[in-house]
Every structure is written in structure tokens, then in C-alpha cells.
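Written below as C-alpha cells is the structure these notes are about.
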Amino acid sequence: MNYQNILANNENGISTITINRPKQLNALNKLTIDELHHAINAAQNNNAVRVLILTGQGEKAFIAGADIKEFAGFSRQEGKKLSSDGHDKLFNLVENLSKPVISAINGFALGGGLELAMASHIRIAAESAKLGLPEVGLGVIPGYGGTQRLAHLTGKGKAMELIMTANMINAQEALKIGLVNHVVSLSELTDFSIKMASRIMRNSPMAVGNAIRAVNANYKDGVDGYQEEINAFGDCFGTEEFIEGTSAFLEKRKPNF
Ligand code: DAK
């Protein structure tokens with residue numbers, strides 16, 4: 001598929017997907033969400049891809065939110081539909097992907113942009129990044145999972161504060177409250193993200209996928225996370241990768257996954 005608003009590049013087991021609307025600060029419009037959906041599914045179905053990295057084009061923005069020009073005229077019905085479509089197409093897709101997704105936050109991560117970063121499994125921010133959920137200032141609330149995922153990451157108190165004040169915070173503050181995993185200089189962001197991806201790729205993709213599934217279970221209503229862990233743990237046994245991992249240890253060699 002030819003993309004208009006994103007770039008997708010697969011190299012050495014890593015699929016880097018770049019939101020490419022720098023003049024609009026990489027704002028997420030419907031087409032961009034559709035293209036991300038397509039590219040992420042393509043990476044999931046491509047055996048050569050082990051880790052995904054999401055980032056934004058340019059030095060200014062990761063994603064400065066949903067495209068305000070596009071949703072400004074929406075009715076209540078259209079808003080609800082766009083929200084539930086977006087959850088399924090992109091945000092839940094990313095969160096539940098069995099391949100790790102790293103967001104490399106190269107600048108503004110606002111509204112829907114921060115929500116996409118929060119749906120990712122790991123967040124690495126450039127020192128220059130600014131993060132926030134400014135929605136209440138526009139007369140809406142975070143509509144792509146932000147009210148839930150921010151509280152999961154930072155605790156309820158900070159989430160309430162960030163959402164109600166609509167304040168932007170810098171990368172160091174985001175690190176302090178657990179919103180991002182690491183802060184690095186902008187020039188190091190790509191290399192650092194690739195190194196993190198490469199570190200993950202030394203491990204069993206099957207086990208990594210099962211670990212994502214088990215951790216996510218804790219945040220799903222009506223799901224017993226411990227039971228899900230037991231199931232996911234059991235699912236590892238007897239697999240080729242389990243045999244390779246345990247044999248490599250016993251034979252004092254590196255596993256080849
Ligand atoms: N949407 C559309 N265009 C945007 C944009 C956005 N979110 N953010 C920036 N741009 C555009 C600007 O309009 C400007 O375009 P031109 O005027 O040059 O044509 C260009 O990007 C450069 O922006 P600025 O000139 O404003 O750049 P500055 O450096 O002065 O300021 C800024 C950077 C990030 C502080 C500022 O651009 C800004 O405040 N941007 C808006 C941030 C924001 O409020 N984002 C939206 C959050 S609300 C929904 C579900 C979820 C959502 C909505 C609906 N449904 C299910 C219906 C989520 C909503 C959000 O994400």
C-alpha cells in the first residue's frame with residue numbers, strides 16, 4: 001500500500017513507522033489512523049519484524065494530537081463513532097499487539113499523540129519532548145483511552161491533575177511520574193530506541209508476546225491477571241523457542257530465536 005501520511009521502513013527486524021505530516025505537527029487525522037492501522041497489521045503479520053518503533057517526522061512533534069480541523073465540526077454521534085473506531089483500529093491494536101511497540105517521542109506528544117504513546121509498551125522521550133492531554137481546553141475529554149491509561153501509568157492523582165489542568169509537562173517531569181521509561185537527547189533518540197529493540201530481540205518472541213498478554217491482563221475488566229499469567233506461562237512449554245532457550249542454557253551457548 002502507498003501511504004500518504006506515514007513512512008514505514010523495515011530493517012534488521014525492526015519496523016519503524018513514522019507519522020509524516022510535519023507541517024501539521026503530525027496531527028492524527030482519519031487517513032493517518034487508517035494508514036497506521038494498515039502498517040501495524042502488516043508488521044504484525046511479517047515474520048521478519050520483531051519490534052515496532054513509532055515516531056514522528058521532524059524535530060518538533062511526535063504527534064500534536066488528533067487533527068482539530070477534522071473533528072471540530074463533529075456531532076455527538078460522529079464523536080462517539082470516531083472514538084470507538086479509533087480505539088479498535090489503533091490504540092487497542094497497539095496495546096494488544098504481540099510484538100513490542102516502542103514510542104520514540106521526538107517532540108510534542110499531545111492529546112491523541114500522548115494516547116498513542118501510552119498505548120505503546122515502552123516510551124522513550126527526547127529531552128525536548130512536551131507531553132500533555134489538552135482536551136478539556138477544547139471542550140472535550142481524552143477520547144482515545146487517555147483517562148484510563150494515564151492513570152494506569154502515573155496513578156490517579158497525577159492523571160487527574162494533568163487532565164484537568166491540561167498542562168504540558170517536559171520529558172524529565174514525565175520520567176519522574178512514570179509516564180516515560182527513559183529520557184535521552186534528541187540526537188540519541190533513534191539509536192537508543194534501536195538498542196532497546198535489539199535488546200528485546202535477543203529474547204524469545206513467543207515469550208515476549210506471552211508476557212505482553214499477561215501484563216495487559218491486569219488492566220482488563222473481568223480478567224484474572226494471575227490466571228492469564230498461568231495460561232500464558234503454560235503456553236510457552238513445549239514450543240520450539242522454549243526448547244531452544246532451555247537447551248541453549250544447558251549447552252552453555254546463546255539461544256538462537
Ligand atoms: N490539529 C491540527 N493542526 C494542528 C494541530 C492539531 N492537533 N496541532 C498543530 N497543528 C497545526 C497548526 O494549526 C499549524 O498549522 P498552520 O496554521 O501552519 O496551517 C501548524 O500545525 C503548526 O502549529 P503552530 O503554529 O500552532 O506551532 P506552535 O509551535 O506555535 O505551537 C503547539 C505548537 C503544539 C503548542 C500548538 O500547535 C498546539 O497547541 N497544537 C494543538 C495541540 C492540541 O490541542 N492538540 C489536540 C489535543 S485534543 C476524538 C478522540 C480523541 C480526540 C479527539 C476526538 N474523537 C473520538 C472524536 C483527541 C483530541 C486531541 O488530541
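Both ligands and their constituent atoms are indexed starting at 1 by order of listing.
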(request) With heavy atoms only and a cut-off of under 4.0 Å, state how Leu133 meets ligand 1: side chain, backbone, both or neither. (result) neither

(request) Nearest 0.5 Å please: distance from the OG atom of Ser120 over to the CG atom of Leu52. (result) 9.5 Å

(request) Would you mind finding which of Ala64, Gly65, Ala61, Ala109 brings a heavy atom closest to atom 42 (C) of ligand 1? (result) Ala64

(request) Evaluate the 4.0 Å heavy atom contact test for atom 40 (N) of ligand 1: does a protein atom fall under the cut-off? (result) no

(message) Less than 4.0 Å is my threshold; does some heavy atom of Pro134 fall inside it relative to ligand 1?
(response) yes

(request) For atom 3 (N) of ligand 1, state which one of Glu78, Lys69, Glu115, Glu70 supplies the nearest heavy atom. (result) Lys69

(message) With a 3.5 Å distance limit and no angle check, can you tell me whether Lys99 reaches the backbone of Val49 through a side-chain donor-acceptor pair?
(response) yes

(request) Answer yes if a protein heavy atom lies under 4.0 Å from atom 37 (O) of ligand 1, otherwise answer no. (result) yes

(message) Using the side-chain hydrogen bond (donor to acceptor under 3.5 Å, both in side chains) definition, which of the options Asn26, Asn5, Asn20 pairs with Thr32?
(response) Asn5

(request) Could you tell me whether Met168 and ligand 1 have an N or O pair separated by under 3.5 Å? (result) no

(message) So for ligand 1, is Val140 a polar contact partner (N or O within less than 3.5 Å, distance only)?
(response) no

(request) Answer yes or no: is there a donor N or O on one side and an acceptor on the other, between the side chain of Asn170 and the main chain of Ala129, under 3.5 Å? (result) no

(request) Determine, considering heavy atoms only, which of Arg76, Lys30, Lys23, His87 sits nearest to atom 20 (C) of ligand 1. (result) Lys23

(message) Please determine whether the number of non-hydrogen atoms from other residues, nucleotides or ligands lying under 6.0 Å from atom CD of Glu241 exceeds 12.
(response) yes

(message) Lys60 versus ligand 1: do any nitrogen or oxygen atoms come within less than 3.5 Å of each other?
(response) yes

(request) Starting from atom 24 (P) of ligand 1, locate the nearest protein heavy atom and write down its residue, its atom name and how far away it is, to 0.1 Å. (result) Leu25 CD1, 4.6 Å

(request) Write out the residue and atom name of the closest protein heavy atom to atom 53 (C) of ligand 1, then the distance separating them to 0.1 Å. (result) Phe71 CE2, 3.6 Å

(request) For atom 27 (O) of ligand 1, decide whether some protein heavy-atom distance is shorter than 4.0 Å. (result) yes

(message) Side chains of His38 and Asp34: any donor to acceptor distance under 3.5 Å?
(response) no

(message) Hydrogens and angles aside, do Asn216 and Arg213 bring a side-chain donor and acceptor to less than 3.5 Å of each other?
(response) no

(message) Give me the residue, atom name and distance of the protein heavy atom closest to atom 1 (N) of ligand 1.
(response) Ile68 N, 3.0 Å

(request) Please round to the nearest 0.5 Å and tell me the distance separating atom CG of Leu110 and atom CG of Leu131. (result) 7.5 Å

(message) Classify the ring geometry of Phe237 against Phe242: parallel below 30°, tilted from 30° to 60°, perpendicular beyond 60°.
(response) tilted

(message) I'd like to know if atom 30 (O) of ligand 1 has any protein heavy atom within a distance of less than 4.0 Å.
(response) no

(message) Heavy atom to atom 52 (C) of ligand 1, shortest distance: which of Ala66, Pro22, Ala166 holds it?
(response) Ala66

(message) Looking at Asn41, is its backbone amide N or carbonyl O close enough to the side chain of Asn45 to form a donor-acceptor pair, meaning the two atoms are under 3.5 Å apart?
(response) yes

(message) Please determine whether a side-chain nitrogen of the Lys or Arg among Lys176 and Glu173 lies less than 4.0 Å from a carboxylate oxygen of the Asp or Glu.
(response) no

(message) Closer than 4.0 Å to some heavy atom of Gly112 - which atoms of ligand 1 meet that?
(response) 60 (C), 61 (O)

(message) Distance under 4.0 Å to a non-hydrogen atom of Leu110: what atoms of ligand 1 satisfy this?
(response) 34 (C), 42 (C)

(message) Give me the residue, atom name and distance of the protein heavy atom closest to atom 11 (C) of ligand 1.
(response) Gln24 CA, 4.0 Å

(request) Quick one: pull up CE in Met168 and CG in Leu114 and give me the separation to the nearest 0.5 Å. (result) 11.5 Å

(request) Run the salt-bridge test on Glu228 and Lys220 with the 4.0 Å N-O cut-off and return the result as yes or no. (result) no

(request) Determine if the distance from atom 45 (N) of ligand 1 to the closest protein heavy atom is below 4.0 Å. (result) yes

(request) Mark whether atom 48 (S) of ligand 1 lies under 4.0 angstrom from at least one protein heavy atom. (result) yes

